[in-house]
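Remarks on the structure that follows.
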Amino acid sequence: MSGPKAFRIVTRAEIIAICHRNLARLDAAIESWTSAGKRNGTIEQKDIDKVIVRRDELRRLLEADRFIELQKQVAAEIAFLQADSERRVERAAEMAARSNRVLRRSKAAAEALLERLQALKVEIPADIRSELSGLAESSERLEAAMAKALLLLPFQAAQDSATDRQRELATRLGAGERRDTLRDWIAGQVQEMEDPALGRVDTLLGELRGLGIDSSPFSDRVALLEAEPLVRRSLVADSLLLDLAAAVKDGRASARLADELRARRAELSVMKSAEANSLLTEIEETLASPAPSNRQELVKRADVLIEEEFKAMAAAERRRAVLEGLASLGYEVSEGIATAWVQNGQIVLRKAANPGYGVELLGGSRSDLLQVRAVGIGSSAEARDAKRDHDMETIWCGEFDRLKALVAKAGGHFAMEFARPAGQFPLKIVSVPDVSHEAEVVESSYRALSINPPN
């Protein structure tokens, strides 16, 4: 097949650029994973070290030219980090919800114990009374206050509320065994107070905390809900639950956009254009802003710019690979010819050894499809030697095979779209402005000799 041909090239430089983009996205995924894990206290330094080791191993695949393996493993690692981060956020949300439930139980138990002491007319120290009255900020402080308050109960009353073992353990403040026993006692006192509506509120508050969102704007409404009678809570909770669910939904969307922006920032950071640097600055400012409003727009703009720059780089590398290959095969490749190819959409390269012939190259600027065909150089009005034209097409067939080998040797990939056999179409004749008059005279003389052989 030595007639017109259409083909695609993926150069080594393009493959390496793809790998760099993938590694940049991996770095962004690691950043997001680390940030969420540290914020929620769900990762340790040893977890981070393991991820960094795996990242470095993937980088070494690039150095070893194991490009396909690298792309597959990077995609798998990013998917793992995203799924692992979601699991850790869920775990943090569950821990926060559990902490809220424990605190609520402790407050209910403290209130019950305070009422018991007051009913028995027991003198309660001011510090214990303040803690039991709900001023304690944690379930641990409430439990410590209740442990002290249990010791104030008269013996018989204490028997009704705690065993000797519990009283003994209550005196050992800070002991883990005492705390577990006390919590069991607390749970036993307030089982009847568990409320599904408050449980759903706790779950949503935990999700907000896992996402790193301040839940304090809802604190007053939660406190009012807790103060409602049990029979009214479900009705009162509806609006609060709707607002909490909306806040969680918005928080998840915001977190996803932040992760996407980090990925685009990582890709833009390896680009050198002024446009890339300008957009990179905008993304940095948006990620640092406490209330960004243009994240979605920035993601779209970044995608367009990244794709444009990558396509431009890939097209330039394809043109370079083809021109360098043809130059090594004896075609005249002058300075600035690549620019002319971009501007005109096509160029003609003359064969130095046969100045009346060359190759025409088309495409490659807006798509990755390139076209090439052997051409005659001269005037279409002149008579042609069909046999010689066919011979030159056949020679070009061999040269094209050599061009494919050169691209492959340089680490690129060559894929044919179609190839027409020599002679299926008449040889195209082109007139190239920079072909010298001397070359035209030589070729014209050769044609005259071929058509009118000497006697």
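- Residues Leu23 and Arg59 meet the side-chain proximity criterion, which asks for heavy atoms closer than 4.5 Å.
- Using a 4.5 Å heavy-atom threshold, the side chains of Pro125 and Leu152 count as touching.
- Taking 4.0 Å as the cut-off between side-chain N and carboxylate O, Glu260 and Arg295 do not count as a salt-bridged pair.
- Remark: side-chain polar atoms of Arg88 are not paired, donor with acceptor, to backbone N or O of Gly210 under 3.5 angstrom.
- Residue pairs meeting the salt bridge (charged side-chain N to carboxylate O under 4.0 Å, His left out) criterion with at least one partner in residues 242-258, sequence neighbours excluded, are Glu207-Arg252, Arg221-Asp243.
- Here Phe67 pairs with nothing under the ring-ring contact (aromatic ring centres under 6.0 Å, His included) rule; sequence neighbours left out.
- Once rounded to the nearest 0.5 Å, the distance linking CG of Leu204 with CG of Leu244 reads 5.5 Å.
- A salt bridge links Glu267 to Arg21: one of the charged nitrogens lies within less than 4.0 Å of a carboxylate oxygen.
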Which donor-acceptor pairs under 3.5 Å do the side chains of residues 47-56 make with protein atoms, sequence neighbours left out?
{"unit_1": "Asp47", "atom_1": "OD2", "unit_2": "Glu44", "atom_2": "N", "d": "2.8"}
{"unit_1": "Asp49", "atom_1": "OD1", "unit_2": "Gln45", "atom_2": "NE2", "d": "2.9"}
{"unit_1": "Arg54", "atom_1": "NE", "unit_2": "Glu77", "atom_2": "OE1", "d": "3.2"}
{"unit_1": "Arg54", "atom_1": "NE", "unit_2": "Glu77", "atom_2": "OE2", "d": "2.9"}
{"unit_1": "Arg54", "atom_1": "NH2", "unit_2": "Glu77", "atom_2": "OE2", "d": "2.9"}
{"unit_1": "Arg55", "atom_1": "NH1", "unit_2": "Asp27", "atom_2": "OD1", "d": "3.0"}

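- Surrounding CG of Leu242 are more than 12 heavy atoms belonging to other residues, nucleotides or ligands, all under 6.0 Å away.
- Phe414 pairs by the ring-ring contact (aromatic ring centres under 6.0 Å, His included) definition with Phe7, Phe400, not counting sequence neighbours.
- In this structure, CD in Glu63 is found 12.0 Å from SG in Cys19, a value given to the nearest 0.5 Å.
- For the salt bridge (Lys or Arg N to Asp or Glu O under 4.0 Å) test, residues two or more places apart in sequence or in another chain that qualify with Glu297 are Arg301.
- Applying the 6.0 Å contact sphere to CZ of Arg232 captures no more than 12 heavy atoms from other residues, nucleotides or ligands.
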Go through the steps to decide whether Asp368 and Ile9 satisfy the test side chain to side chain contact (heavy atoms under 4.5 Å, CB included), and finish with yes or no. CA-CA 7 Å; Asp368 58 351; Ile9 291 178; over 6 Å; no
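- Residues passing the side-chain contact (heavy atoms from CB on, under 4.5 Å) test with Glu31 are Arg262, Arg265, sequence neighbours excluded.
- Taking the side chain as every heavy atom from C-beta outward, Leu326 and Leu361 approach each other to under 4.5 Å.
- With contacts defined as side-chain heavy-atom distances shorter than 4.5 Å, the pair Val407/Lys404 does not qualify.
- No donor-acceptor distance shorter than 3.5 angstrom exists from the side chain of Ser85 to the backbone of Gln82, with no hydrogens or angles considered.
- Here Glu115 pairs with Glu111 under the side-chain contact (heavy atoms from CB on, under 4.5 Å) rule; sequence neighbours left out.
- Contact detail for Ile43 and Gly37: the closest heavy-atom pair is CG1-C, 3.5 Å.
- Taking Glu309 as the reference, nothing meets the salt bridge (Lys or Arg N to Asp or Glu O under 4.0 Å) condition, with sequence neighbours excluded.
- Residue Lys311 places its NZ atom among 12 or fewer non-hydrogen atoms of other residues, nucleotides or ligands, all under 6.0 Å distant.
- Under the side-chain contact (heavy atoms from CB on, under 4.5 Å) criterion, Ala338 pairs with Leu323, not counting sequence neighbours.
- Once rounded to the nearest 0.5 Å, the distance linking CG of Leu62 with CD1 of Ile15 reads 11.0 Å.
- For Glu399, the salt bridge (Lys or Arg N to Asp or Glu O under 4.0 Å) partners are Lys351, not counting sequence neighbours.
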Could you walk me through whether Leu81 and Leu26 pass the side chain to side chain contact (heavy atoms under 4.5 Å, CB included) test, one step at a time? CA-CA 9 Å; Leu81 289 172; Leu26 175 58; 3.9 Å; yes
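- Considering every non-hydrogen atom in both Arg233 and Glu226, the closest pair reads NH2-O, 2.8 Å.
- When atom types are taken as modelled, the side chain of Trp341 and the backbone of Gly336 share no donor-acceptor pair closer than 3.5 angstrom.
- Residues Gln118 and Ile124 form a side-chain contact, since some pair of their non-hydrogen atoms from C-beta on lies under 4.5 Å apart.
- Side-chain contact between Val359 and Val348 is absent, with no heavy-atom pair separated by less than 4.5 Å.
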For side chain to side chain contact (heavy atoms under 4.5 Å, CB included), just list the numbers for Ile306 and Met271, CA-CA rounded to whole Å, side-chain angles, deciding distance to a tenth of an Å, and then say yes or no. CA-CA 9 Å; Ile306 290 169; Met271 298 179 175; 3.7 Å; yes
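- Counting only distance, with no hydrogens or angles, the side chain of Ser289 and the backbone of Thr286 share no donor-acceptor pair below 3.5 Å.
- In this structure, OG on Ser234 lies 11.0 Å from CD on Glu228, to the nearest 0.5 angstrom.
- For the residue pair Ser328 and Leu406, the shortest heavy atom distance occurs at OG-CD1, 3.2 Å.
- The side-chain heavy atoms of Arg12 and Ile16, taken from C-beta on, include a pair separated by under 4.5 Å.
- A donor-acceptor distance shorter than 3.5 angstrom exists from the side chain of Asn40 to the backbone of Ala36, with no hydrogens or angles considered.
- Contact record, Leu268 with Leu305: CD2-CD2, 4.2 Å, taken as the closest heavy-atom pair.
- Here CH2 of Trp33 is found 14.5 Å from CD of Glu86. Values are rounded to the nearest 0.5 Å.
- When the side-chain contact (heavy atoms from CB on, under 4.5 Å) test is applied to Glu317, the partners found at least two apart in sequence or on another chain are Thr11, Ala13, Met313, Arg320.
- In this structure, CG in Leu114 is found 12.5 Å from CZ in Arg116, a value given to the nearest 0.5 Å.
- Here the closest heavy-atom approach between residue Ala17 and residue Phe310 is recorded as CB-CE1, 3.9 Å.
- Using a 4.5 Å heavy-atom threshold, the side chains of Leu369 and Arg8 count as touching.
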Take Arg25 and Val74 through the side chain to side chain contact (heavy atoms under 4.5 Å, CB included) test and state the conclusion after the steps. CA-CA 9 Å; Arg25 283 182 174 265; Val74 165; 6.0 Å; no
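- At distances below 3.5 Å, not a single donor-acceptor pair connects side-chain atoms of Arg209 with backbone N or O atoms of Ala93.
- Shortest non-hydrogen contact noted between Ala302 and Leu279 is CA-CD2, 3.5 Å.
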Between Lys300 and Asp303, does a salt bridge (charged side-chain N to carboxylate O under 4.0 Å, His left out) hold up when you go through it step by step? CA-CA 5 Å; Lys300 292 179 180 178; Asp303 285 342; over 6 Å; no
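- Partners of Lys72 according to the salt bridge (Lys or Arg N to Asp or Glu O under 4.0 Å) rule, which considers only residues two or more places apart in sequence or in another chain, do not exist here.
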